[in-house]
Structures are given as C-alpha cells and as structure tokens.
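Only one structure is covered here, and it is reproduced in the block below.
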Amino acid sequence: MHLIIAEKNIVAERIAAFLSGKEKVQAVKDGAATHYIFDDTIIMGLRGHVVEVDFVDGYKNWRSAEHPPRSLIDADIIKIPTEKKIVGLLQKFSRKATRVTIATDYDTEGELIGKEAFELIRAVNTKVVIDRARFSAITKEEIIKALNEATPLDFNLASAGESRQIIDLVWGASLTRFLSITAHRGADSILSVGRVQSPTLAMIVDREREIDAFVPTLYWILTLATKKDGAELEARHTHGRFTDAAEAKAAYDATKNPLKVTEVITGHKIDRAPTPLDTTALIVGASRLGISASYAMNRAEDLYMRGFISYPRTDNTTYPKSLKISDHLKIFAHGAFAGDARYVKEHMRPVPTRGKKETTDHPPIYPTSLASREDIADDVSWKLYEFIVRRFFATICIDAEWETMKVNMSASTEPYTITGGRILEAGWRGVYPYSKAEENILPVFTVGETLPLLSKNSEEKETQPPARYTQSRLIQRMEELGLGTKSTRHEVISKLAGRKYIEGNPMKPTIVGRAVTDSLEEFAGTITEPTMTKTLEEHMGDIAAGTKPMEVVLSESRKMLAGIFEDLEKNQDAIGRGLMERTREEQIIGPCPVCGRSLQIKRVGSSQFIGCSGYPDCTFNAGLPPATWGNAVKMDEVCEEHKLHHVQLLRKGAPAWKLGCPLCSHIKSNTDAFMLIPGMTESGIKKLNAAHIYTISEFIAMGPVELSKIFGLTRPVAEKYISDAQGVLGLLKKRTEMKKFISAHVVPRRGRGHSKVSAALISMGVTDITALSKAHPADLLEAKLSEAEAESLVTEAKNLVNSAKMKEYGVPTITLKKYVSAGLGDPEKFIAVHPAGVSLATGVSVTTICNHQKRVAENLCRPGPEKISKAAFDEGIAPLREKAGPDVLIPLALAGIYRPAQLVKADAKTLAKVTGVDAKQIAELQKHAKKVSE
Ligand SMILES: [Zn+2]
Ligand SMILES: [Zn+2]
C-alpha cells in the first residue's frame with residue numbers, strides 16, 4: 001500500500017482527486033481525521049505539526065526554587081504528540097505501507113513536519129521506503145510530477161527548522177519567565193520576550209522615541225497661478241522648500257510681472273514594469289488594498305491549497321525557465337480576465353521582468369489556475385487573487401513610456417517651473433491599476449512668450465515627524481535586517497499585538513511595550529538588537545546547507561543566552577524596579593473625582609475595578625465586569641467631562657469590549673437603582689454626583705444630615721429617603737444573588753446568556769431566589785428554559801432557601817449538610833419526622849437532633865416534635881437491628897416506630913402504607929419483636 005501524507009486535510013483531498021478522479025476516491029472519516037482511499041493508495045492530511053517540543057517534566061512551575069528561569073537554558077527537551085488521533089492513524093497505516101511519500105509544504109517548516117512524520121513512521125516500521133514529494137503549486141501536473149520525481153527527505157533542512165523551534169522555545173521561555181517574575185507580574189499579564197519579537201518591538205519603540213523627540217520646523221512653498229489656452233496652471237518656485245522666513249518673503253515679494261517662458265524641455269521616460277511577487281511584496285500590495293499582513297497570508301495560503309496560486313511563502317523574484325509564459329497566459333483566455341489577457345498578448349515583452357533574488361525552491365507567487373468570482377467565496381480572497389493575476393500580467397507586459405515636459409519661466413527675477421507628462425505607451429499600466437500615475441498634459445509653450453500672473457501664494461508648512469511603521473513597512477524592514485523568515489514575520493507582528501505591546505496600524509508601542517524595551521536595552525541590549533538574531537538565523541542557514549551540525553548551533557545559542565543571563569541576573573533588582581515603575585502608568589486612568597489623586601485599574605483574583613490610589617483615605621471605587629470577560633486595559637481616548645481614560649476589556653479571540661469612561665458608566669449603571677427610590681429624579685442624581693455620591697450605598701452612608709443639606713430637605717424627609725434607599729439596596733442585593741444563582745445553575749447557550757435569563761425572570765416578577773423557589777416550573781419556560789432546567793432550577797432554589805432558613809434557625813452547616821443529603825433540608829419536613837429516624841438516616845445523635853428540631857419548630861411557631869433520650873433510643877433500636885437493615889428501620893423510625901413494643905402493637909398493613917416498607921418484612925420483624933419483648 002502507498003501512503004501519501006499531506007500537511008493538511010484539504011491538500012490530501014485535492015491530491016486524491018488529482019491522482020484518481022473524484023469518483024473513485026472513498027473519503028473515510030475517523031474521528032479527528034479524514035483519509036482518502038483509492039486502489040492501493042491511502043492519502044491522509046496532518047494538521048501541520050502533530051508533535052511539539054517542550055521541556056521535560058519539572059519545569060512547568062514558574063516559582064520553583066529548584067528550576068529558576070536560567071535552568072531552562074540547559075533543560076532537556078522532548079517531543080510531545082499534540083494530535084494523538086492523527087498520530088495513531090498515521091502509525092496504523094504505516095505498519096501496512098510498502099511506500100510512504102511525504103507531501104508536506106515545500107519549505108523548512110514542511111520539511112520539519114515531514115521529519116516528524118518520518119520519525120513516527122520509523123517507530124513502527126523500520127523497513128518501509130519513505131520518500132519526499134516537493135511541489136510549489138497544488139495542480140494536477142505539479143503533483144504528479146512531484147510524486148514521480150520523489151527524493152529522500154532533506155534532514156539538514158528539517159534540522160534547521162527543528163533548531164529554530166528549540167532555540168525559540170528556550171530563549172522565549174527562560175527570558176519571559178525571568179522578566180515576568182522580576183517585575184512581579186501575574187499569570188494574566190506576563191512580560192513576553194522573544195528572539196525575533198524583542199528586536200522587532202525595539203524598532204517600533206525606537207520610531208516612537210524619534211517621534212517624541214521630533215521638533216517641527218517651519219518652511220514655505222511658493223507657487224503662482226497662470227493661464228494658457230483657457231487652462232489654469234500652477235507653477236512652483238524652483239528653490240523648493242524655503243526654510244528661512246525672510247528669504248521666503250523676499251522671493252514672494254520679488255515674484256511679479258512680467259511672467260516669461262525661458263525654457264521648454266521635452267523628454268522621454270521609461271516606466272518599468274514591476275518585478276514578480278515574493279512574500280514581502282505580496283504583503284505590501286495587500287496592505288494597499290487594506291488587508292492586514294497576517295490576514296493576507298491566511299487568505300493566500302487558502303488560495304494556494306485550493307490550487308489557484310503558487311506557494312505564497314517565497315523569497316524568489318525570478319520566474320523559473322520551466323514556466324512557459326505564453327502557454328500559461330492561455331489559462332486566462334476565458335473568464336473574468338479574458339479582456340486583460342488579450343491586452344497582455346498584444347503587449348507582451350520578450351522575457352518577463354525579474355527581481356534581484358533567484359532561488360530554486362519556489363517560484364515567485366503567480367496564479368496557477370483560473371478562478372471565477374463564484375469559486376472564491378470571500379471578497380478579500382478575490383481581491384488578493386485579482387492582485388496576483390494582475391501582477392503576473394504586469395510582469396510579462398512591456399514597459400510604459402511617457403513623454404515628459406518641463407516649462408521653466410521667470411516672474412521678474414524669480415525662477416518657477418511647471419512639469420507635465422503624457423503616456424505614449426501604457427504597457428503594463430493597462431492591466432495594473434494598483435499604482436496610479438496621473439497624466440498631466442500641458443499645452444504647447446514657446447520660449448519667450450509672456451503669460452499672465454493670476455496670483456501668487458506662499459504656503460507655510462511644518463516638517464513632519466518620521467511616520468510610524470505600517471505592518472507592511474515593518475515586514476520590509478525586518479527582511480532587510482534579517483529578522484525572522486518569510487513565514488514568521490507577520491506572525492511576530494500579530495504576537496506583539498496579542499501581547500499588548502503594540503497597538504493600531506500604523507503601529508505604536510503601548511506603555512508596557514516601551515517599558516520592556518527600555519529595561520532590556522538598559523541591561524541586556526543584545527536581546528533587542530537585530531545582530532544577535534541575525535547571527536542565529538545565519539547559523540540555521542548553515543545547518544540547512546549542511547555546513548554546521550545542529551548540536552553545535554544549539555550549544556552556541558545556549559552559550560549566548562547564558563551570557564545574557566549573566567547581565568540580567570546581576571541587575572535583577574534594578575530591572576524589577578524599573579519595570580514596575582514604568583508599567584504602573586498603564587494602570588493609571590486619571591484623577592479621582594472625590595480626592596483628585598490618581599485612579600487605577602485594580603485586580604483582585606478575577607474581579608477588577610477602578611480604585612483610588614489614596615485608599616484607604618479615599619474609598620472611591622467603580623466596579624468593572626470580571627476578568628473572565630477580558631482584562632481591563634486603558635485606552636487612549638479621554639472622557640472630556642471626567643478627564644479619565646476610557647477602558648476596554650480584551651480577551652483572546654474576542655473583539656474588544658469598549659466600556660468607555662469608567663465614571664460615566666459607573667454613573668449610568670447606578671441611575672436605574674437610584675430611580676427605584678421613590679421621589680428620586682434625574683436632576684436629583686446629578687446633584688448627588690456633584691457631591692461625589694455615585695451609589696446607593698454611598699447615599700445611605702452619607703446619613704440624613706448631609707443629605708438634607710444637599711437637597712435642602714427637612715430632617716424627617718431625609719430620613720425617609722435613606723430608609724427607602726435601604727429597602728432598595730436590599731432588593732438589589734437579592735437581585736444580584738439571584739443573578740449569581742442563575743449563572744451558577746444555567747448553562748449558557750447561543751442567544752441565551754445568563755443575563756438574558758435573569759432579565760426575563762425579573763420582568764416576570766421573579767426578582768429573587770425566594771420567589772424562584774416558590775415559582776411553578778411551567779411558568780419559567782418563557783425565560784427560554786427547558787422543562788427539565790426549570791424543574792431543577794426551582795428545586796435548587798428551594799434547597800438554597802431551605803438551607804438558608806435552617807442556618808438562620810441555628811442548625812450548624814456541617815450537620816445541615818447531613819440533613820440535606822438525607823432529604824430533610826426543608827424545615828417543615830425536618831420537624832415532621834421522628835428524631836429516631838433522622839438519627840438512623842444521618843448518624844447524628846438523637847439528642848442533637850431533638851435540639852435542632854426544637855429550635856426549628858420554635859422559629860416556625862409549631863409544637864415541637866416528640867423528644868427522646870439517647871438511652872431510650874439505643875435501647876429500643878438495638879434488638880431490631882439484629883433482624884433488619886436501614887432500608888426497613890429508617891422509614892419505620894422516621895414514622896416514630898423504633899421500639900419492639902411499638903412494633904408489636906402496630907398494624908402491619910397500615911404501617912406498610914405509611915412507611916412504604918413491604919408488609920411482609922414488617923410482619924417478620926413483628927415476630928422478632930414479639931420474641932424479644934417477651
Ligand atoms: Zn480618591
Ligand atoms: Zn466620563
């Protein structure tokens with residue numbers, strides 16, 4: 001059997017279709033993975049890496065004294081399967097296979113994934129032939145060719161990938177731990193450090209420093225307006241920018257009639273066609289289309305796997321000779337680009353353009369097959385596909401040609417100029433609308449002719465700071481510096497954003513991003529400089545080329561890292577202090593409305609709130625949703641009224657939840673509550689807010705004296721207000737309790753969150769747990785609960801209410817638990833049964849039970865149940881225990897029968913009815929009772 005292994009399922013499916021025709025393929029679903037069978041061939045897809053590298057056990061605990069961060073440098077590393085089902089399937093097929101072909105992506109990562117598969121196969125089959133198919137496009141031709149020309153796996157290339165994995169793990173984990181521990185960061189706010197990530201972040205921070213340090217200067221641009229053949233034209237002073245105000249003014253004043261043409265120069269300009277696309281150019285092009293780097297790569301990969309474009313991770317900008325351009329163009333003779341293809345055919349250059357780089361692994365990115373708008377489901381993919389097609393067209397079209405014109409003139413003594421251009425030959429521009437070049441066709445001028453001076457203008461401008469990096473610009477810069485690879489650059493940027501080190505596009509560092517960079521630069525500059533990463537990158541290149549063994553590179557990198565740790569550990573205290581000082585600002589959102597000190601975002605466990613730095617002197621605080629909804633993060637926007645920074649909640653994989661100004665939302669969320677106080681008005685609330693009273697609790701705490709001052713009320717009225725407010729507070733507490741109860745007992749479903757269920761219940765008048773415990777389950781169905789859910793919710797509520805009552809009546813918690821588990825949690829039920837039975841059912845002594853029953857009965861204003869002594873109980877029950885078990889004795893005792901004498905007197909049938917115990921069993925026990933009582 002021939003087993004073919006693709007990197008992903010979608011590729012496996014396509015390969016199967018190419019090799020056999022769709023009809024013959026049998027797709028078999030096996031839990032996590034699908035595989036494809038035809039004839040004697042099985043094709044399966046992996047899920048990228050199916051194993052991962054990690055440290056051996058014992059290194060998981062960050063706080064371990066035995067394994068401090070530095071010990072990670074030399075910790076042993078193992079491979080752990082991450083996709084167990086797929087690994088199982090792979091090994092199952094490998095046992096039977098006679099040939100295995102690894103058909104993963106053709107790059108370092110793909111080679112490594114191939115090697116991982118190779119090792120898994122060898123573990124179960126030492127003999128099978130394993131080869132490697134390499135292809136740059138998932139088309140029938142390429143795949144069949146690659147299978148026919150399969151070669152051995154490139155272990156050097158795979159080792160290069162593996163060493164990158166290991167180095168990144170070791171550097172990232174050890175440095176991240178060191179820094180996070182040093183700065184006392186919690187688990188949800190670790191300070192991540194990485195080999196590529198940190199120098200990239202440093203570039204963004206550097207740019208921000210340049211912007212901060214930038215001092216703008218003024219300059220002036222002089223222009224004049226004139227007219228020829230009815231068209232108004234603008235001429236610029238040939239001096240360009242005037243940086244001296246006096247000089248600009250002098251030139252402006254000297255600009256006057258006569259305006260005379262002094263020179264007319266016509267020229268010819270070649271406008272070169274663009275070169276083929278590599279990954280960086282694709283990302284740059286995509287960003288002009290408004291597509292982010294990582295999303296563009298995601299869509300490009302999808303287009304590749306579906307066979308529409310060649311492999312999108314490539315450094316090559318020269319088409320291979322094997323690509324027959326004219327033949328390939330024929331693919332587009334139909335479909336959406338038919339007109340353009342015809343144009344290209346008429347404007348074709350003899351050989352396509354070529355860029356500076358020529359590699360042999362992959363071609364530049366080009367379209368491999370024709371897609372229609374319907375084939376490609378989403379707009380972004382289509383935009384990207386169209387761009388790739390048009391770029392391909394442009395690279396095989398002739399250059400564009402322009403006629404240029406320059407008209408020099410003098411306005412009295414001052415020289416001015418007008419430039420224009422006209423397209424003579426559109427060439428590639430006819431199919432490539434992405435870089436517009438506007439024609440500016442000038443009328444015909446003759447030297448010596450006089451023109452009217454319509455107006456003159458001196459425009460004052462300011463020099464601009466350097467621009468922040470856009471994603472695509474940063475990726476270009478990373479490439480120039482040798483940071484990361486074509487496959488990882490865009491991921492590094494996403495990671496920086498994910499770690500909250502940078503924000504926006506163009507990108508700007510956050511306070512934390514700056515703090516981390518500042519600290520690293522101060523104490524361990526090598527981490528933030530591109531040189532070190534570039535060196536390691538080169539060493540990995542050496543592994544791939546087979547000139548350096550992986551072990552040597554790994555041990556060199558470990559030595560480098562140990563050196564960095566020397567510096568870091570020496571300065572640990574200073575680093576920690578610096579980081580904490582620098583990051584404190586990230587939590588400060590503005591002035592406290594009560595005392596003017598600073599308000600901070602604070603966290604205690606999963607709850608978070610805005611608190612005053614003056615605590616405990618100032619107790620102002622405003623709640624925020626718990627951290628399960630996302631970590632509260634300060635934003636740039638500032639509330640005009642309160643001068644406080646807005647706050648948003650950020651959670652992985654969810655859109656940001658913008659809460660806005662925390663004080664505005666604090667006021668808003670308390671408005672409804674205030675309005676529950678009879679007689680309260682909106683303007684009344686405003687008055688309260690102005691006196692820094694934001695919540696009902698604060699309102700109550702203020703007391704009647706203060707309140708009567710604010711509102712100008714009489715003392716009794718103010719007192720009435722406060723007592724009403726106390727009532728409202730109680731009501732709200734109960735509501736909160738119920739909401740908590742609902743979220744603990746109702747499983748959220750799509751369209752039915754906890755808050756929706758709570759809101760529905762409140763609107764039905766079920767505003768607290770007591771009301772819920774008394775509700776009929778059938779009435780609760782309106783709140784989107786199922787019958788079973790409603791039933792169990794009411795039962796749970798009853799239990800809770802009962803337990804609360806029992807506790808209130810003085811039953812201690814541990815004993816109460818025993819009663820509840822015996823089904824006696826309901827106070828009414830508890831006093832309705834005989835203490836003997838309760839004791840048998842719970843193991844609690846009868847004396848205790850009698851006390852509890854007495855207390856509960858008193859509280860319920862009921863007569864207390866029969867009281868018995870422990871001695872009487874023990875004496876009575878002992879002889880019966882000889883003959884019967886708890887299943888018989890408990891129900892009898894609960895009904896008050898626990899002595900042989902009682903049993904003898906009783907009527908077996910009636911007793912059976914009352915207790916549910918079988919009449920025969922009772923009769924037998926009666927016989928025994930008679931014997932012992934005689
Ligand atoms: Zn305060
Ligand atoms: Zn506000």
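Whatever order the structure lists ligands and atoms in, that order sets their numbers, starting from 1.
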With rounding to 10 degrees, Cys618 SG, the Zn ion (ligand 1) and Cys612 SG define an angle of 110°
What I'd like to find out is whether the side chain of Leu793 reaches to under 4.5 Å of the side chain of Phe741, using heavy atoms alone. yes
Calculate the angle formed at the Zn ion (ligand 1) by SG in Cys592 and SG in Cys595; 10° precision is enough. 110°
Is the closest basic N to carboxylate O distance between Lys720 and Asp724 below 4.0 Å? yes
Using the Zn ion (ligand 2) as the apex, give the angle to atoms SG (Cys664) and SG (Cys661), rounded to 10 degrees. 110°
Any carboxylate oxygen within less than 4.0 angstrom of a Lys/Arg side-chain nitrogen, looking at Arg715 and Glu719? yes
What does the angle at the Zn ion (ligand 2) come to, between atom ND1 of His642 and atom SG of Cys639, rounded to 10°? 110°
More than 12 heavy atoms of other residues, nucleotides or ligands under 6.0 Å from NZ of Lys634: is that the case? yes
